[in-house]
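Okay, so here's the structure we're looking at.
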Amino acid sequence: MADTKYIFVTGGVVSSLGKGIISSSIGKLLQARGYNITIQKFDPYINIDPGTLNPYEHGECYVTVDGMETDLDLGHYERFTGIQTTRSNSLTTGRIYKAVIDKERRGDYLGKTIQVVPHITNEIKRNIKLLGEKYHYDFVITEIGGTIGDIESMPYMEAIRQIKWELGNNAVCVHLTYVPYLKAAGELKTKPTQHSVKELQSVGIQPDILVLRTEKHLDENILKKVASFCNVNIDCVVQSEDLPSIYEVPVHMQAQGLDTAILKKLNMPIGETPALGPWKSFLERRKNATEEVVIGLVGKYDLQDAYKSIRESLYQAGIYNDKKTVIKYINSENITEENVEEMLSGVEGIVVCPGFGQRGIEGKIIAAHYTRTHDIPTFGICLGMQMMVIEFARNVLGYCDANSREIDEKTTHNVIDIMEDQKNITDMGGTMRLGAYECVLKQGSKVFNIYQKEHIQERHRHRYEFNNDYQNEYERNGMNCVGHNPESNLVEIVEIPGLTWYIGTQFHPEYQSTVLNPHPLFLDFIKTVIKHKKK
């Protein structure tokens, strides 16, 4: 068995350059060559996981199959490569330190003084190598969050330096930097890149490959200049220009030989360049999809990264229906009975978004009422599904105080209630119903016809559930409970068969939608919206 090769992706100059997209693209290109890969993310913040972070600050929280709340970059890894990530693919400084402190408390270190080097760095190294040793991947790609020079990322840099030294030709560092364009001078500037590489060299790491993030095309002279000032071969300097879609990045990287450069550095056979057939045909369909389908996202976070996976799932589903999905954000805090028609005007389908807490709740309920009574295709996800359930209880079942225990603890009609095993939990982080759970679909239902099977598995992230005491009443009045967890009998899906498309899921289907395998619910939702529009 050949040794696992390690690829480190670091970033310099500024954050948000797209290390996650570059890591995903490298994974995709190596996969296309027949290699077995995985990608992991190390985040330098001290939170144990992003589950307690504000979406405004950190974007969406992505959930793995085994129930780990992680960074949104893991969504990119899965969407690009189709791999399934787990808790081992996402680490934070908080988890690293906690592991070391737990060992110290148990007495594992036999009285030694615990220090950043070697104890913290050894724990980082152990986690970097863990997936490779356990599953014998050909490649483990490790993305380091943050920017070179940050105080908090120093232990990671030291761990990488040691691993590169120990593994020799079995490890490479891909460094992503920024080449800004100064409009006043009309010049592209390479100095920030030179400083960034110098910073990396000062901690003992020589980058093997440079990816230059740029808004303008870089000519050969600039690439040569960067190569000679940064001690990097010219064929190991590639540029990552702004592209119409993130999904074009792998093709763009392949055209510049990024995967070839990595294989050369690792002394591996180059072979023929893979054709990326299905991927390119997806891009071709994207290019040809000019007709628009307008979907309204009703939510309270007006930051595009807060609903990243939902947006990508809608874009993918649009492309597979040969349409360009245009997303209109509708802030649920601003929706009232008086303006709902105006706020939802111009959209052809609605997604009632997930979320937590009381803010913007009533707006979601008003939106669900409007779309139900006007037969506008509606997809409620997690909290969105719960709002559809509450709206139905208030306006169809006649329980005007119906609510969720999360919003109103004293409601007499708690159609959404806290789960029994959640009642005594005091910690917020990592304590919800998380990860993939079984769901059995009711034969003959709309969702059964969409999935074309009875047993499915979907990922969850919530604390509150549909209250089964009301199930018969809902079904008698036209809202059917068509998906149940076989063990707990919890309701996972509701639908109103009398409407064109009115479905709510307690789970998050967006976590399982990938470029080459778009999620059936999103596909069918967009397909129905298009048909409904023609009518």
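This one's a predicted model, so the numbers in the text were calculated from it and none came from an experiment.
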| Polar contact flag, side-chain donor to acceptor under 3.5 angstrom, E241-H217 | yes

| message | Is it true that, when you exclude E291 itself, more than 12 heavy atoms of the residues, nucleotides or ligands shown sit nearer than 6.0 Å to its CD? | response | no

| said: Heavy-atom count check: over 12 atoms from other residues, nucleotides or ligands less than 6.0 Å from K323 NZ? | reply: yes

| query | How far apart are the C-alpha atoms of L441 and K453, what are their side-chain angles, what is the distance that settles it, and do they pass the side chain to side chain contact (heavy atoms under 4.5 Å, CB included) test? | reply | CA-CA 8 Å; L441 304 180; K453 55 183 175 183; 5.7 Å; no

| In terms of side-chain geometry, is the basic nitrogen of R461 or E69 positioned less than 4.0 Å from the acidic oxygen of its partner? | yes

| message | Please evaluate residues I295 and I350 with respect to the criterion side chain to side chain contact (heavy atoms under 4.5 Å, CB included), reporting the C-alpha separation (whole Å), side-chain torsions for both, the decisive distance (0.1 Å), and the verdict. | response | CA-CA 6 Å; I295 303 295; I350 290 281; over 6 Å; no

| query | Given V65 and Y511, is the side chain to side chain contact (heavy atoms under 4.5 Å, CB included) satisfied, shown in steps? | reply | CA-CA 9 Å; V65 277; Y511 293 147; over 6 Å; no

| said: Go through it in stages, so that I can follow the logic: the residues are I390 and S404, the test is side chain to side chain contact (heavy atoms under 4.5 Å, CB included), and I'd like the CA-CA distance, side-chain angles, deciding distance and then a yes or no. | reply: CA-CA 7 Å; I390 292 168; S404 162; 4.0 Å; yes

| request: Find the distance between CD (E338) and CE (M343) and round it off to the nearest 0.5 Å. | output: 12.5 Å

| So does K533 have more than 12 non-hydrogen atoms from other groups sitting under 6.0 Å from NZ? | yes

| query | Do T378 and T371 have a side chain donor and acceptor closer than 3.5 Å? | reply | yes

| query | Have T38 and N89 got a donor and an acceptor in their side chains that come within less than 3.5 Å? | reply | yes

| Between atom CD1 of I262 and atom CD1 of I209, what is the distance when rounded to the nearest 0.5 Å? | 4.5 Å

| Gap separating the CD atom of Q40 from the OG1 atom of T86, nearest 0.5 angstrom | 9.5 Å

| All ring pair (Phe, Tyr, Trp, His ring centres under 6.0 Å) counterparts of Y370, not counting sequence neighbours | H374

| said: Distance check, rounded to the nearest 0.5 Å: M68 atom CE versus C61 atom SG? | reply: 9.0 Å

| Quick one: which of T142, T85, D73 gives a side chain to side chain donor-acceptor pair (under 3.5 Å) with K41? | D73

| task | Using distance alone, with no hydrogens and no angle criterion, decide if T93 and Y156 have a side-chain donor and acceptor under 3.5 Å apart. | result | yes

Give the table of side-chain donor-acceptor pairs shorter than 3.5 Å for residues 275-285, with sequence neighbours excluded, one pair per line with atom names and distance.
from : atom 1 : to   : atom 2 : distance (Å)
W279 : NE1    : Y247 : O      : 2.8
S281 : OG     : P278 : O      : 2.9
R285 : NE     : D322 : OD1    : 3.0
R285 : NH2    : Y320 : O      : 2.8
R285 : NH2    : D322 : OD1    : 3.4
R285 : NH2    : D322 : OD2    : 3.3

| said: I'd like to know if D242 pairs up with R213 as an ion pair, taking the criterion as any Lys NZ or Arg NE/NH1/NH2 lying under 4.0 Å from an Asp or Glu carboxylate oxygen. | reply: yes

| query | Looking only at side chains, do N47 and T92 share a donor and an acceptor under 3.5 Å apart? | reply | no

| Sidechain N-carboxylate O distance under 4.0 Å for E495, K446 | no

| task | With rounding to the nearest 0.5 Å, note down the distance linking CG in N321 to CZ in F522. | result | 13.0 Å

| request: With Q506 as reference, evaluate H460, Q386, E492 under the side chain to side chain donor-acceptor pair (under 3.5 Å) test and give the passing residue. | output: Q386

| query | Taking all non-hydrogen atoms of both residues, which atom of G82 and which atom of T514 are closest, and how far apart? | reply | CA-CG2, 4.4 Å

| query | S309 pairs by side chain to side chain donor-acceptor pair (under 3.5 Å) with which of E60, H519, E510? | reply | E60

| Nearest heavy-atom neighbours spanning G12 and I148 | CA-CG2, 3.6 Å

| query | Salt bridge check: are E312 and R79 linked by an N-O gap of less than 4.0 Å? | reply | no

| query | In Å and rounded to the nearest 0.5 Å, what is the OG1 to CD1 distance from T500 to I376? | reply | 10.0 Å

| query | For the residue pair Y474 and F392, does the interplanar ring angle fall in the parallel (under 30°), tilted (30 to 60°) or perpendicular (over 60°) class? | reply | parallel

| said: As a test of understanding, state which of V447, V494, D524 forms a side chain to side chain contact (heavy atoms under 4.5 Å, CB included) with I503. | reply: V447

| query | Any donor-acceptor pair under 3.5 Å linking the side chain of N485 with the backbone of C439? | reply | no

| request: Indicate yes or no for a side-chain donor-acceptor contact from R95 to the backbone of S90 under 3.5 Å, with no hydrogens or angles considered. | output: yes

| request: Verify the neighbour count for atom NZ of K328: are there more than 12 heavy atoms of other residues, nucleotides or ligands below 6.0 Å? | output: yes

